[in-house]
Amino acid sequence: MKGYVKIFTYGCQMNDLDSRKMYSLLARDGWEATESLKKADLIILNTCSVRQKAYEKALSNIGRLRPYKTQKPSLIIAVAGCIAQQKGRDIISRMPHVDIVLGTHQMHRICEAVDGRREEHRQVVDTQFGEYIPSLDIVPDQAFMTPAHRAYINIMQGCNNYCSYCIVPYVRGREISRDHAGILEEVRGHAASGVKEIFLLGQNVNSYSGGISFSELLRRIDRVDGIERIRFTTSHPKDMSDELIACFGDLERLCSHVHLPFQSGSDKVLELMNRRYTRTRYLGLIEKLRKARPDMAFSADVIVGFPGETNDAYRETLSLIREVRFDTLYSFRYSVRPGTGAAAIEDDVPPEEKSRRLSELQGIQRSITLEINQSRVGTTPQVLVDGVSPRNPDQVHGRTTQNAIVNFAGSPSLISSTVRVCITRANPNSLTGDREVPAAGREALPI
Ligand code: SAH
Ligand code: SF4
Ligand code: F3S
């Protein structure tokens, strides 16, 4: 046993998967995961830089680790992920208690970097971008796949889009896809060990180019025995092809949910954001997707208070939200990111106006989400059970194909199975239901 490791994860699902991979690599190398900071011999912060708040939070948490290092000088502190990529050696210059900085293409080097530090006191700072990203091919150990019936698979990384507000292309690099043969082999392996849901990840999955198209990849995964559900994120509206939309008509295992960020409802703002589609094109996509799959549920990301967003432009965002009626909306106040295109545009939306718009928009979305949830009362969707409800040990929770969270009375033995649930109550962000006992089961009951 080499020691205990704790990883703190910030940011998106990509970082979450990267952390599971790092835990797996370290476990194979003799490290044991712990939740206790005091016990830890290695602490990794897997960081996010997408908005200033995330950036500041991660930096302040790195700072807070200093006393642990003073108490246990052998403690190794590593910074990985997007801030590591962005700031590199600066992190150690500012915070000398940090031992290792590993960028987004170098995460696979974690064990080697830790050994180097322990054995030769070598500080490692590696933020090289490579032609390929070796960590794409790492399959996490079962112990770090929770829930065990869902496998997240990174099919591509990076982004070529350069939306003017966004730092991701700078911190994740250009788009690099993983070869389809490796992905399909991984899927078959997961299916053989009982995985039911495949969740494909990438900054822009629609432009996947690992030897076959993204829609062909979906079609091939759909043919793997044992896989019940397929999901993916994130899609860019400009790359949402008719071929991909057709998959929603043809592939039953493909879930009835798409996350399709629109960012703004105003063509003028979309242009300033360099999104390369119009409001009309976006609404056209939603219509086509609904035609292909009538019960389709949508989620999206939106930014308010982008420089140049007039009150009228903001109203166009509100009208788009009312028109589409998203099930879930992730809304953000524009945050300037250094080095991005938008950082050079004069920000003419005062901070208090940004906050006002955000809270108004969120209020509108809250009522839409609740109305959609209410409309589901009385329906009987299939729910894939993920775990015991955090707030009620007598209940379990799971997701419908539309990605709605459902809580219902049931025992932990239901985890990983798909059961039919009758929806009885709508909550602001979830549904409550009762398990429908199949007719045969009902007869067997003693009453
Ligand atoms: N690749 C994904 C995720 C990008 S980051 C995509 O293209 O959708 C997730 C979300 O954060 C974005 O969709 C955007 O809404 C938001 N975001 C990114 N940069 C931002 C910034 N500078 N300020 C506010 N929100 C931002
Ligand atoms: Fe950022 Fe745009 Fe790329 Fe998404 S598509 S990661 S928002 S640059
Ligand atoms: Fe954040 Fe990097 Fe993801 S900046 S949102 S962790 S790609």
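Counting convention: from 1, in listed order, for ligands and their atoms alike.
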Any chance the side chains of [X] and [Y] put a donor and an acceptor closer than 3.5 Å?
X	Y	answer
Thr401	Gln382	no
Ser135	His108	no
Glu323	Ser319	no
Asp239	Asn204	yes
Thr278	Asp267	no
Ser331	Gln362	yes
Arg376	Gln402	yes
Lys238	Asn161	yes

Would a search of protein heavy atoms around atom 4 (Fe) of ligand 2 find one under 4.0 Å away? no

Any chance the rings of [X] and [Y] have centres within less than 6.0 Å?
X	Y	answer
Phe262	Phe326	yes
Tyr330	His259	yes
Tyr162	Tyr170	yes

With atom 3 (Fe) of ligand 3 as the centre, enumerate protein N/O/S atoms below 2.8 Å in chain and residue order. Cys12 SG

Is any protein N, O or S atom closer than 2.8 Å to atom 2 (Fe) of ligand 2, and if so, which?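 Listed by chain and number, the atoms are Cys163 SG.
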
Identify the protein heavy atom lying closest to atom 4 (S) of ligand 3, giving its residue, its atom name and the separation to 0.1 Å.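 Sorting protein heavy atoms by distance from atom 4 (S) of ligand 3 puts Ser49 N, 3.3 Å first.
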
What protein heavy atom is closest to atom 7 (S) of ligand 2, reported as residue, atom name and distance in Å?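 Protein heavy atom at minimum distance: Tyr165 OH, 3.3 Å.
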
Extract all donor-acceptor atom pairs below 3.5 Å that involve side chains of residues 86-96 and protein atoms in other chains or at least two apart in sequence.
from: Gln86; atom 1: OE1; to: Ser49; atom 2: OG; distance (Å): 2.4
from: Ser93; atom 1: OG; to: Arg89; atom 2: O; distance (Å): 3.1

Geometric cation-pi criterion, Arg51 with Phe332: 6.0 Å, 45°: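 Yes, a cation-pi geometry holds between Arg51 and Phe332.
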
For a quick check: using heavy atoms under 4.0 Å, what are the residues in contact with ligand 1, sorted by chain and number? Val50, Arg51, Tyr165, Gln203, Thr234, Pro261, Gln263, Asp301, Ile303, Phe332, Arg333, Tyr334, Ser335, Arg337

Can a salt bridge be assigned to the pair Arg290 and Asp295 using a cut-off of 4.0 Å between side-chain N and carboxylate O? no

